[in-house]
Amino acid sequence: MVPAAGGGGEGGELERRVMAALKASEARGDQPLVWAVEVARVVAGEGTGLPSADLAGILVSNLCFAHNSPSLWKLVGHAVASRLLCPLHVLALLTPRVLPQRRAQPEAYRLYLELLRSNVTSSFLSMEPGPNRDKITKSIDDALQLSKIYGFSGIDAGHVIIFFMMFVITKLIDCTLEDCGFPSGLTEEQESIYAIEGPQDMDLDVKGVSTEKQSEHRAQLRRKSTVMALDVLIMMVADRKIQSFLRLIFLNMPEKFSALSQRLSLVEAHKVELETLLTANHKIDDLLMNIRRVSNTAYQPNNKRLLGVLGNMKYGGSMLGQFTGAGRAACWVIFDIYVENAIDGKHLSAISAIEVLKEMTKTLQAINEASWQETFKALWISALRLVQRAREPLEGPIPHLDSRLCMLLALIPLSIGAILKEEADVHGAQGSKSLPKKSGLVSSLQDLIQYSGLLVPPSSVVNAANAAASKAAAFKANYKSGGGNPAMMGQNDSSTKTVGNMLHLIVEACISRNLIDTSAYLWPGYVVSSGHLKDATLPQESPWLNFMQGAPLSGPLIDALIATPASSTTELDRLYHIALNGSEEEKSAAAKILCGASFVCGWNIQEYVVRMVVKLLSPPLPSNSSTQGSTSHYLAQMSTLNALLLGISYGDAIHIISLYGMVPDVAAALMPICEVFGSIPPPSNHKPAIVGEISVYSVFSCAFLCLLRLWKFYKPPQEYCLAGRGGSVRLELTLDYLLLMRNNHIDFANSSANSRNSSNNIVPLNEVPAQPLYIDSFPKLRAWYFQNQACIASTLSGLCNKNPVHQVANKILSMICRKMNKPGVSSGNLSSTSSSSVSGSSVSTSDDYQRPTVPAWEFLEAVPFVLEAVLTACAHGRFSSRDLTTSEETPYLSCHRLRDLVDFLPASIAAIVSYFLAEITRGIWKMVPMNGTEWPSPGASLHSIEAEIKEILASAGIQIPSCYPRGVPPMLPLPMAALVSLTITFKLDKSSEYIHAISGQALENCAGGSSWPSMPIIAALWTQKVRRWHDFIILSCLRSPFGRDKDAVAQLIQSCFSSFLRSSCSGSDFTANRGVGALMGEAITGHGLQLPMAPGFIYLRTCRTFHDTYFVSEVILKQVIEWADKLANGFSSSGPPQLKSGRTPLSSAACMAHQVAMLGGGLLCVAGGPLLVQVLYEETLPTLLLSAREESMKDPGPVSSTLQGYAMANMLFFCGSLLWGAERTSPVMKLSFLSRRPRVVGNHMDFMAGVLDGHILLGCDHGTWKAYVSRFVFLVVKFVPSWLQDIKLDTLKKIASGLRSWNEHDLALALLERGGPQAISSVVDTLL
């Protein structure tokens, strides 16, 4: 019977009227359908609209369980079917009432499941707009407490639908597990959330049935209901739209989806028992399979359309150019571009190459959809090519072979180790040998055995390779003979000569870092013995063995340790202890040893050595001191610091430090050294530096010049800005940026420490200082820093006579002009035309003069004013350049007086370089003839050098005009003539390398900063001085034409693309020898420079000299489009369709377009970095799409237009993914790159949405636009869905709407699914 109605208010009145109508119908004996009609009439009279929220509450509250009759259940069913009630609302109100009472109320549970099965499919889930929609939404949320469970405020209808599905599926799995006697996945907290408030009457009034039969009937009903619950579950999760709802939670709220994953694990654990109890053959499998299908988020496009074919392209090795057997080599060109670019030591990075390689490897593995074996193999081959490209380095100041070997044997193993560590952390205690990435590493190394041409070791490492091979041979022999002593397995049988190659060194590097084990020694073909040979150069006992046995650090042992790399961290640990706690002589010796072979070529332990050296630059405080920068503290360590500073100034040392990402740490260590030693005056009898002598000036100079090498302190003004934009051309290092990076290292200390390979012995080296560092902490350095910036930005301001800087400048003038024999020359005469107004007492012409014994900072502050006075006097004829520069060493001018300045304080070369480069860029100084009379002459070598440069560039497809016609005397601006004349006076000994490192690079920047073609003159002068450096100098000169000649830049870029793909686009030429080998070159050096020179190599050595990077971006993008057009024309070439051999398959054309785009992205990224990629996203590509096509590109045809859009989208995506990746886990990478991504990608997606919405008109072909948008969205959805969560919802909706208009419904849905929690409602609306 129907109970009496109760309650008050409007709701109570409606309940009374409904109950009265039901009672009347029951009295008449009406069918439940008639009841529904009567109830509908009552609700209609209220005028509240349908479906009714209040009616659902009234009926459910009576149904559970005051009037739990079949008639009332049928009434609810009819009301739901007629949309008098919202199905979702009724089910939401029933779920928390029925499920907890299913044991006591099995009839209600069975009827609930029937109602659920009839109304829970996706076709019944929509909530139509109406007056009660918000009220129903709130009621569902309140009934199930969805906001609280899923932690989502502002819940709407879309959220209610997907949260309801997740809630019901999870609860039904719990109920099924509990009803079968297994524990559910509920926690105590969840139990309290799901519990029903207040007691419920659970007893049904079932008359005429005995208690025993009633109990049996209920037990049977419970069993059937459990089976039915499983059937309902399977039906729900098999629905494609419900799967989409679950996928929304998986993608956007993974922590909430984990609750369902936990239930699946329980179901799988009890799968056999469940199938037995429920007689559910394969049902459990279906349930698990359908829910797990939700986790497969990879988007696959429709293959039936052309764009779908392109989108779903996978590449086989047969389609790609082969290089020494490396399949798919062209798809990995980014590896080759990065490693070759990283080796350019003229440009340091603050980010570790290990971090960059790790992220790049993961990104390329995903984009190429390759196995880890293929990915690691491609990385190894790229590094092997890097070494082979310059295996016999040119003789010059910095050969760079050490850096190349460091990349192959240290940085790449460390980056792979970081990837393997991430995998091990995810899989926990699982066996590491079975993990796919580790297995891929082993397989990739085994594959390398076949690449014998790439494995030939450079002559400098032949002995090391042979030693590694002999070690493996001894292990193998001992293993085969059954030897069980692990210590003996590592011993080398000196009677056996084993030929080694680069693979043996690679394997040793991996074993030393625990990436693989010594079973590698047993690989087939790994050990190749050349028999028993007598050799006079058999391996000798390592000096490190004597050192570890306690031998004192004497002269011969020190020399041997410097020349021999350490083999273990134990040896380094003892040496580090001596460097900290030994006597002064022992500390200095330990510092020299650390900076020796262990630093440069101790690849298996190099990262430890680098960190030790950097740590020693900040000597620990004595126990009785509390001031880090105290003068006495640093003076006590002067000899050790001097050894360290000289050590890191040699050869590739600073570059190696930068490859390990330690530049910010080195800068932070050098700043206090500079501040302290630059504030101490030298002794009154101080004279020009003597080789090997340690003084305040020498330590300061070495530290200061090392600090300046870390960033471009002398950058001329136009290299900071780009015309018309006012922003930085590229992300260059500055001192402020280095300090920012270092301070962020502190913030991320914990994560950085976890990511490093750690050793108990080396733990102190991983400590990060607790306090951040700011330039304001170093007032003297700060003053010079700002003075230098002012000097670069504008001319010097005048000084009054009483200014202390004026007095120091006069003393310097007296010193450098002391030997002038011209009577009557005074400093006043010298500077009467100088804006700095340095004047005063006469300059003494005798040797009895007063040297400026002032602190180095005061000396440096005065140098620019001295230089201005000298150059101004020389320009106005106050004295000839001969008077300034005549030296007893040379018959013509050599800036010997400026050389006196550098000899007195070597750090003054920095002020000279900075001042001269700034003045050269201003263009206000007269040209002077380089005729050998007043200034040194390049002579006939000038024209031969220019001819060589032209020949090399012509071999790469670049034609440049002559700059120096015969008969025209070579000329240079006065500051440039003075600078180059100064540099050729320097002696070429090892003790002066830290000076050459500054002056040499300054000359190249000097030539690049001037509009006058001066580099050939500089090269000719230096070639005359050091003839053995001829090839090195010529190679350096290749940069010069590209700084001022846009046509040369365009030719170079065109050559890069044509060499990569070859000029022909027909037939078998697609599989001809091309790709990385033609682009980058197999050997740049051999017996001199090898011709033809690879255009890619030239590009990577010159790209940072391109002033107009906008132009570079446009040229690269147009090349990508033009090559896509050529590829499409190759596909659609005329001729009988049956002659397929004369046409390029569409799949091959798409594959090639993929490679073209990847090459374009790589070239653009290295030319301009993050800022140029931003320009590409926000300006270059949108401008091209909006612009009208050129005549040659009009009416491209459907295949060509599609392939062009495809290639453009690929290039844009590759540029972004290389910088931003999918998930940057490294704090350093996040700081450096990720901050720009949301705005840059967001702006570009807004542009797309504006076009699709009709607010922006395009100039490109519609087919190109359609292909471009579809491909770019596909790539983002498939590979970097995290990007979409930063995009505005309105933008995503507009793009999805445009995609649906092109019948790309799946792609539109996939886009919205990955748009974050904000897009959930939009996805639901789209589906329903």
Side-chain angles (χ1 to χ4, degrees), residues 251-252 297 299 311 359-360 362-364 366-367 727 731 1113 1116-1117 1120 1157-1158 1160-1162 1164-1165 1168-1186 1205-1226 1229-1253 1255-1256 1265 1267-1299 1307-1308 1310-1319 1322:
L251 291 170
N252 301 297
T297 58
Y299 168 69
E359 300 292 345
M360 183 180 293
K362 294 192 296 184
T363 299
L364 289 181
I367 290 176
L731 187 61
S1113 175
I1116 291 175
L1117 184 57
V1120 170
M1158 186 166 282
L1164 186 138
C1165 284
L1171 298 176
L1172 191 55
V1173 173
Q1174 177 180 345
V1175 170
L1176 177 69
Y1177 269 76
E1178 296 180 343
E1179 300 181 31
T1180 307
L1181 199 143
T1183 301
L1184 187 141
L1185 291 170
L1186 295 174
Y1206 172 89
M1208 283 192 290
N1210 275 0
M1211 177 181 165
L1212 188 75
F1213 172 76
F1214 292 152
C1215 289
S1217 61
L1218 290 173
L1219 285 178
W1220 305 316
E1223 295 294 339
R1224 290 295 197 210
T1225 56
S1226 164
M1229 299 293 281
K1230 289 180 181 179
L1231 171 69
S1232 303
F1233 300 130
L1234 283 193
S1235 60
R1236 295 176 182 269
R1237 190 199 72 200
R1239 182 170 68 87
V1240 174
V1241 178
N1243 287 343
H1244 191 74
M1245 299 287 268
D1246 289 343
F1247 163 73
M1248 281 186 182
V1251 175
L1252 292 171
D1253 204 30
H1255 294 149
I1256 301 175
W1265 170 249
Y1268 169 73
V1269 173
S1270 301
R1271 177 63 179 174
F1272 183 76
V1273 173
F1274 161 76
L1275 290 170
V1276 172
V1277 164
K1278 185 174 180 65
F1279 298 114
V1280 286
S1282 59
W1283 290 11
L1284 296 173
Q1285 300 192 9
D1286 298 314
I1287 308 301
K1288 291 181 288 190
L1289 177 59
D1290 186 57
T1291 297
L1292 294 177
K1293 287 181 178 179
K1294 290 177 180 178
I1295 295 175
S1297 176
L1299 292 170
L1307 182 56
L1311 173 70
L1312 291 175
E1313 281 181 342
R1314 291 153 178 80
Q1318 60 170 348
S1322 299

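Since we're looking at a predicted model, the values are computed, not measured. By convention here, the first residue in the shown sequence is residue 1.
Taken from CH2 in Trp1265 to CG in Leu1186, the straight-line distance is 8.0 Å, to the nearest 0.5 Å. The SG atom of Cys1215 lies 13.0 Å from the CD atom of Gln1174; values are rounded to the nearest 0.5 Å. Put simply, CD1 on Ile367 and OG on Ser1217 are 3.5 Å apart, with the number rounded to the nearest 0.5 Å. Between atom CG of residue Leu1284 and atom CD of residue Glu1313 there is a gap of 11.5 Å, rounded to the nearest 0.5 Å. One finds the OG atom of Ser1282 at 11.5 Å from the CG atom of Leu251 (value rounded to the nearest 0.5 Å). A distance of 9.0 Å separates CG of Leu1219 from CE of Met360, quoted to the nearest 0.5 Å.
No side-chain heavy atom of Leu1181 sits under 4.5 Å from any side-chain heavy atom of Phe1247. Between Arg1236 and Leu1171, the closest side-chain pair of non-hydrogen atoms falls below 4.5 Å. You'll find the side chain of Met1245 reaches within 4.5 Å of the side chain of Ile1295, heavy atoms only. Here the side chains of Ser1322 and Leu1289 are in contact, with some heavy-atom distance below 4.5 Å.
Closest non-hydrogen pair, Val1277 versus Ala1310, comes out as CG1-CB, 3.7 Å. Residues Pro1182 and Leu1176 come closest through the heavy atom pair CD-O, 3.7 Å. Listed here is the closest heavy atom pair of Ala1207 and Val1120: CB-CG1, 3.7 Å. The heavy-atom pair separating Met1158 from Leu364 by the smallest distance is CE-CD2, 4.1 Å.
No donor-acceptor pair closer than 3.5 Å links the side chain of Ser1297 to the backbone N or O of Lys1293. In terms of modelled atom types and a separation under 3.5 Å, the side chain of Asn252 and the main chain of Gly1316 share a donor-acceptor contact. Remark: side-chain polar atoms of Thr1291 are not paired, donor with acceptor, to backbone N or O of Ile1287 under 3.5 angstrom. Side-chain atoms of Ser1270 do not come within 3.5 Å of backbone N or O of Ala1267 as any donor-acceptor pair. Between the side chain of Asp1253 and the backbone N or O of Ala1249, no donor-acceptor pair lies under 3.5 Å. For the pair His1255 (side chain) and Gly1250 (backbone), a donor-acceptor distance under 3.5 Å is absent. A donor-acceptor pair is defined here as one N or O able to donate and one able to accept, closer than 3.5 Å; such a pair exists between the side chain of Tyr1177 and the backbone of Leu1212.
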Worksheet entry | Stepwise side chain to side chain contact (heavy atoms under 4.5 Å, CB included) check, Met1208 with Leu1184 | CA-CA 10 Å; Met1208 283 192 290; Leu1184 187 141; 3.8 Å; yes

Give the intermediate values and the outcome of side chain to side chain contact (heavy atoms under 4.5 Å, CB included) for residues Leu1164 and Met1211. CA-CA 9 Å; Leu1164 186 138; Met1211 177 181 165; 3.8 Å; yes

Test side chain to side chain contact (heavy atoms under 4.5 Å, CB included) on Arg1239 and Glu1178; report intermediate values, then the result. CA-CA 10 Å; Arg1239 182 170 68 87; Glu1178 296 180 343; 3.5 Å; yes

**Message:** Determine whether Lys1288 and Asp1246 satisfy the following criterion, side chain to side chain contact (heavy atoms under 4.5 Å, CB included), listing intermediate values before the conclusion.
**Reply:** CA-CA 8 Å; Lys1288 291 181 288 190; Asp1246 289 343; 3.3 Å; yes

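With no hydrogens or angles considered, a side-chain donor-acceptor pair links Thr1180 and Ser1113 at under 3.5 Å.
Relative orientation of the Phe1213 and Trp1283 rings is tilted, given thresholds of 30° and 60° on the angle between their planes. Between Tyr1268 and Phe1272, the ring planes are parallel. Angles under 30° get that label, and only those over 60° would be called perpendicular.
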